[in-house]
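Only this structure's heavy atoms are used, side chains among them; waters, hydrogens and symmetry mates stay out. Source: prediction; values computed, not measured. FYI, the numbering just counts along the sequence from 1.
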Amino acid sequence: MTTKVAVISPGDEDAPAPWMSHRRIALLLSCIFSEIGAEATCFAEGAAARTRFPLSGFRSAVRIPPGTVPLPSAAEAIVRTPGIGMWTTVVARRPAPCGVSFGEAALEALNGCRHLPYDLIATRPGTLARHLVAGHDVPAARMRRGLAVLQDPWQRSRALLGGKDVTLRRLASLLDGSRIDPGLSIDWETWSFDPDGTRKRLANFSGRDAVIVRSCGDGEDGWEQSHAGEYASVVVEPGADATGAIDRVFHSYPALRGRSRVFVQRWLDPVDAACVITTRTLGGAPYYTVVVDEVSGRSDRITSGAGDLAGIRYVHRSHGQDGGGAGIPETDRRLIAATAEVEQVTGSDSLDLELAVAGGAVHLLQVRPLVSAMMREAEEGDSYALVERTMHRLRKLGDGLLLSTMADWNPAEMIGRRPSPLAVSLYRTLITDRTWARQRAECGYTDLRGTPLMRIVAGSPYIDVRACLASFLPSALPREDAQAIVRAQGERLRGEPGLHDKVEFAVATTCWTPDAGERLARLGREGVPGGALRRLHGGLITVTRSILDGFSGHAAALAACRSPALVDAHPDRLTDTLAVARRIALIFAHLARAAFVAVDLLRSLEELGLAGDRTEWMRSIHSVASGLRRDAAAVDDGTLTWASFVERHQWTRPGTYDPTVPPYGQQAEKYLRPLLRQPLLTYGPPEPSAPLVADPAAVGKALAPLGLDAARAEAFFREAIRAREAGKTMYAAWVSAALESAAARAARAHLSRSDLTYLRLSEIGEDHPACASLVVRRREELRRQAALLELPDVITQPEDLLSFSRAPGRPSFVGTRSATGPVHLDPTADHPPPPGAVVLVEAADPGYDWVLSRGIAALVTAYGGVNSHMAIRCAELGVCAAIGVGLQQFESCKSAKWMCVDARARRLIIPS
């Protein structure tokens, strides 16, 4: 028999918001009581209520103030309390009665009372309670908390957001902008003891429609933890038996209790769009993050991890809360508007939602608290102010703005997305202020010395792509030609911002290759005059010959350089050590450019069918990466001493620009000793690979403009790639020595290595430690504020900071095999990866060679490309890798326990 409850005064017709009207709150109360198996009937009090309260037929009644609702636990207690209950709000500082409940005994006494003309609607509840206690011995329970004041956002969110099923049912009565299928909940006890009856209920609910059986486990979608994606969800085709699906979902839970539930909804198929949206980032930054699938026609592809379908759009909350922000696609706009209504109704601005667009309407499929994204109001204000200041600074850079985090010298990979002031200062001093432009001018490119390549936007490094593109044009090119070419290349990147990490391959033509004519023809189609293209073609031949001719000299200059000694890390040697690092940076820049030419020529020959598979050929290069393995094997067999091994590799540091990460020499037992015990270090040269080129005559003909035959070309390819890796290692060693010198100098001023990261090179001294400490504290605060911003990969206008899309990553796969293993995130000397692991590193440099030598299954990085250092090293060592998967896919990988890197099929497989 259904338990009937009367709820008096549930709403106010003059409510401050439409969803707080008497009618809607009455529907919400009916939902709350139905969750405990009770049927609620709502009555309004006051002058409008002319009918006496009917005492018969109800097990209990409760009088609550307008604009309040009982939490489910309080609703259950109200039904079970036989006498009188006193109820206060959940955040009351002192026990002031807010509501009174009358249980079965109280109603029976009131019904039998012949002396009082009292009515539950018209009479004050306190007067009734006192009379029933004093005149009829009705028991009164102690005062309890349990009413939520709906005008209080915190209390409202706790009243509305519960499990997956109850949240949707509570919201169904309050929302205008979204449709909600209230679904059918099935608990474990009912399913176990009455499966036939449950199937009948399910059949009545679904008819012949397809349904989805979704998890609704204990603790799922809660305020402390979400368990998002942890349990099963199963689609049941039209007319099919759902028994197996229900069992599968139930048995995906770690434990089953009587009230464990599954949630059955009608399956929307097809849909025009499916969306997962959070009202903040996982770190709490104030952005709507919107992932929309408008391709598959299914509502579950995004939540199942099919991240290749869509990018992710970030919309700053100050720009998108009304759904009317400029630059937001129409579908995203509708979804954000629906989300904003859910925020308003629930009182929470930290939510994770699943929505779909079907039949012209927005359907709300799920709402859960975003547990990890709570933020103080002051921090959100800091974020808004920082966005405004940053946009103002970008406007000062003028029209034609074009910035990228990963073009050219790729600062996102080299120093990170949020580099320290020290890392920025080092990178500028050694590379992006002068060295980059000097190296190109010496090769015959346009001389841009005096033009900074890198700019810092709200703490994040960006490459000025206009300077980059101009610097890759031959110096002899007339100015009008250069302007037309840079303009066309810039417009292409603005139209296809996903190419920003492949500028030198897909946008600019920086050297001559056999297919250069075809690549330049696109510029002709984009309006560059034919004469300019002919002059560019000739200039590229000249520049490329210059790079080829100069390579041996730069390689010899590197060979003449010595590695740092301990004396170079002395605090008084910082200036001298930096000077050597700057000189080697120029040599390394020349060698890196030669290696780029080698890889681009090799790519061109492959596309023309004149070069074979380079997988085994790369393994025969024997550069620095394989040298570490050879040296470890030599120590293992006694032909190299341990001390010599450590001395040879002592300056290598994971995180080239970070003084808080110790180099190999300071933690040799952790970094290097384990390499001696790796079974795969029985290192020997691989079997001779097939010739890189099968038709030397055809290759010689193709490369005739450069004066190269097949043999010389292959020798150049091999030596340029090897020299680039050696140059990078030598450069990184001197940066490492400079960091040790800087750390020693900072220690004299009683500053830690962590403090050091907040100083610029010019500020590292001993004279004013108190001032330095103030600078450190101030920059710590600025860095904290900058962490509240999400920034686009490409900036073309200041308004991009308010709304931008981050495209799915297009990784560069290394190898021709598939590797599966447990995910190991951010390896360190104290947290080494086990053999067979799939290692995830946001950006890896040569300091991670020790990781590659530990027998890992595969490497995955967020940043990097086909020509990056780790791509070369993985190819040489035969390690399967996905380089540069992008931040979106990298975050998905981080949440996985196991994954597969399938280089053969060029895909990542993350089990759902």
Side-chain angles (χ1 to χ4, degrees), residues 314 316 319 325-328 387-412 428 432-434 436-437 440-441 445-475 477-510 519-520 522-529 531-533 535-536 539 789 791-807:
Y314 291 83
H316 200 270
H319 185 62
I328 305 175
V387 167
E388 289 298 325
R389 291 198 303 271
T390 305
M391 290 175 62
H392 178 70
R393 290 169 183 162
L394 288 174
R395 290 187 185 101
K396 290 183 177 181
L397 297 179
D399 297 333
L401 188 66
L402 190 54
L403 304 176
S404 162
T405 59
M406 294 178 65
D408 209 340
W409 278 89
N410 197 342
R428 278 175 164 162
T432 64
D433 274 0
R434 185 172 176 83
W436 77 283
R440 288 174 193 172
Y445 292 111
T446 299
D447 191 344
L448 290 183
R449 277 176 281 195
T451 301
L453 181 64
M454 183 174 69
R455 298 186 181 275
I456 302 301
V457 178
S460 295
Y462 283 81
I463 292 298
D464 186 337
V465 180
R466 293 175 299 183
C468 161
L469 295 172
S471 75
F472 279 125
L473 297 177
S475 59
L477 203 65
R479 182 177 180 180
E480 304 79 41
D481 292 351
Q483 289 175 337
I485 292 167
V486 169
R487 188 183 306 114
Q489 292 171 339
E491 287 306 312
R492 183 181 181 196
L493 184 56
R494 287 186 177 88
E496 299 181 67
L499 299 176
H500 77 112
D501 60 340
K502 302 173 179 64
V503 165
E504 296 175 55
F505 286 105
V507 178
T509 303
T510 64
R519 297 170 71 181
L520 295 179
R522 174 158 187 157
L523 290 175
R525 294 191 294 271
E526 293 169 351
V528 178
L533 296 179
R535 288 185 285 272
L536 174 58
L789 294 191
L791 298 172
D793 295 330
V794 177
I795 299 176
T796 61
Q797 58 182 347
E799 289 71 24
D800 288 344
L801 272 61
L802 298 175
S803 173
F804 62 90
S805 182
R806 189 170 285 152

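Every residue meeting the salt bridge (Lys or Arg N to Asp or Glu O under 4.0 Å) condition with R494, not counting sequence neighbours, appears here in chain and number order: E491. Remark: F804 engages Y314 in a ring-ring contact (aromatic ring centres under 6.0 Å, His included) (not counting sequence neighbours). Looking at residues two or more places apart in sequence or on another chain, you find a side chain to side chain contact (heavy atoms under 4.5 Å, CB included) between T446 and L448, L473. With sequence neighbours excluded, the residues satisfying side chain to side chain contact (heavy atoms under 4.5 Å, CB included) with R434 are R449. Scanning for side chain to side chain contact (heavy atoms under 4.5 Å, CB included) contacts around D464 gives L403, R455, R466, A467, with sequence neighbours left out.
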Evaluation steps, side-chain contact (heavy atoms from CB on, under 4.5 Å), between D501 and N410:
CA-CA 8 Å; D501 60 340; N410 197 342; 5.9 Å; no
inquiry  = Working note: S475 + D447, criterion side-chain contact (heavy atoms from CB on, under 4.5 Å); need CA distance, chi angles, decisive distance, verdict.
reply    = CA-CA 7 Å; S475 59; D447 191 344; over 6 Å; no
| query | Is there a side-chain contact (heavy atoms from CB on, under 4.5 Å) between L536 and V528 once you walk through the steps? | reply | CA-CA 11 Å; L536 174 58; V528 178; over 6 Å; no
- Task: Take F472 and V503 through the side-chain contact (heavy atoms from CB on, under 4.5 Å) test and state the conclusion after the steps.
- Result: CA-CA 11 Å; F472 279 125; V503 165; over 6 Å; no
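Between S404 and V465, the shortest heavy-atom distance links the atoms CB-CG2, 3.6 Å. Residues Y462 and L791 come closest through the heavy atom pair OH-CB, 3.2 Å. In terms of heavy atoms, L469 sits closest to A508 at CD2-CB, 3.9 Å. When every heavy atom of P452 is checked against every heavy atom of D433, the shortest pair comes out as CB-OD1, 4.3 Å. The shortest heavy-atom contact between A488 and E526 is O-OE1, 3.7 Å. Considering every non-hydrogen atom in both A532 and L477, the closest pair reads O-CD1, 4.3 Å.
When each of D793, V794, V457 is tested with T405 by the rule side-chain contact (heavy atoms from CB on, under 4.5 Å), just one qualifies, namely D793. Of the residues listed (L402, T390, L801), the one engaging I795 in a side-chain contact (heavy atoms from CB on, under 4.5 Å) is L801, and it is the only one.
Distance CG/D481 to CG/L533: 8.5 Å, rounded to 0.5 Å. A distance of 12.5 Å separates SG in C468 from NE2 in H500, rounded to the nearest 0.5 Å. Between the NE2 atom of H319 and the OG atom of S803 there is a distance of 5.0 Å, given to the nearest 0.5 Å.
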Distance-only donor-acceptor hits, side chain of residues 393-401, under 3.5 Å, sequence neighbours excluded:
none

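The shortest distance between side-chain heavy atoms of D408 and E504 falls below 4.5 Å. Using a 4.5 Å heavy-atom cutoff, the side chains of I463 and P411 are in contact. With a 4.5 Å cut-off on side-chain heavy atoms, R492 and L499 count as touching.
The backbone N or O of F505 sits less than 3.5 Å from a side-chain atom of R519, completing a donor-acceptor pair.
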